[in-house]
Amino acid sequence: RCPEHAKGHQQQRRGVRAGWEWTNTTRRIKKRDGYRCTEVVDGERCEAIDELEVDHEIALELGGTNDDDNLRTRCRPHHLARHGKKVTRG
């Protein structure tokens, strides 16, 4: 990525993900998704209503956006699994 593109990308990410704008976005997405995880496993939607996070379908680093159609609600275990991270309870 060229330095100019990387700089603009970082500013966009900080501007939306920080503060009240990102808070409003996550509230709107969780409401849209019925305050439930949207992950579908074996044809069934996950029933989790706790530990909800808003995740990008296409990561910002891969050209995704913070637009509503690129965001969806996932429970923390599904969010971590999607990114190849191990779920741990502490």
Side-chain angles (χ1 to χ4, degrees):
R1 189 178 287 178
C2 72
E4 195 60 36
H5 180 253
K7 182 180 176 184
H9 178 74
Q10 289 170 346
Q11 289 173 339
Q12 174 194 6
R13 185 173 182 167
R14 269 193 299 252
V16 175
R17 291 198 62 161
W20 64 270
E21 283 188 69
W22 183 248
T23 299
N24 287 342
T25 298
T26 59
R27 286 179 182 157
R28 185 175 61 252
I29 299 304
K30 288 175 184 179
K31 182 178 181 179
R32 178 198 70 193
D33 293 340
Y35 301 100
R36 273 182 58 200
C37 179
T38 58
E39 196 69 20
V40 176
V41 179
D42 296 327
E44 298 289 326
R45 183 175 173 184
C46 176
E47 295 184 9
I49 57 172
D50 296 319
E51 296 187 280
L52 298 177
E53 301 176 351
V54 173
D55 187 24
H56 293 84
E57 280 295 299
I58 301 172
L60 295 174
E61 294 80 12
L62 299 175
T65 67
N66 287 315
D67 294 340
D68 289 7
D69 61 352
N70 189 46
L71 301 171
R72 64 187 274 203
T73 305
R74 286 190 171 89
C75 62
R76 183 158 180 75
H78 279 131
H79 188 184
L80 292 174
R82 185 173 191 297
H83 295 287
K85 297 178 182 176
K86 194 173 189 175
V87 178
T88 58
R89 300 277 177 191

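Position 1 is the first residue of the sequence; numbering continues from there. Predicted model, so just to flag it, every value in this text is computed and none were measured. Worth knowing before you read on, the calculation uses all heavy atoms, side chains too, and leaves out hydrogens, waters and symmetry mates.
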Would you say Thr73's side chain and Thr38's backbone share a donor-acceptor pair under 3.5 angstrom? no
Can you name the nearest heavy-atom pair linking Cys75 to Cys37, along with the distance? N-SG, 3.3 Å
Sequence neighbours excluded, the answer for side-chain hydrogen bond (donor to acceptor under 3.5 Å, both in side chains) partners of Asp68 is Arg28
So, Asp33 side chain and Arg72 main chain: donor-acceptor pair closer than 3.5 Å or not? no
Residues forming a side chain to side chain contact (heavy atoms under 4.5 Å, CB included) with Asp69, sequence neighbours excluded: Asp67
CG (Leu71) and CD (Glu57) are apart, to the nearest 0.5 Å, by 9.0 Å
Without swapping roles, check the side chain of Arg45 against the backbone of Arg36 for a donor-acceptor pair under 3.5 Å. yes
Going through the checks in order, is the side-chain contact (heavy atoms from CB on, under 4.5 Å) test met by Glu21 and Asn24? CA-CA 5 Å; Glu21 283 188 69; Asn24 287 342; 5.9 Å; no
Under the side-chain hydrogen bond (donor to acceptor under 3.5 Å, both in side chains) rule, collect the residues that match up with Asp55, sequence neighbours excluded. Arg74, His79, His83
Between Asn66 and Trp22, the two heavy atoms sitting closest are OD1-CZ3, 3.6 Å
Determine yes or no for a side-chain-to-main-chain donor-acceptor pair under 3.5 angstrom, with Asn70 supplying the side chain and Ile58 the backbone. yes
Listed by chain and number, what are the side-chain hydrogen bond (donor to acceptor under 3.5 Å, both in side chains) partners of Asp50, not counting sequence neighbours? none
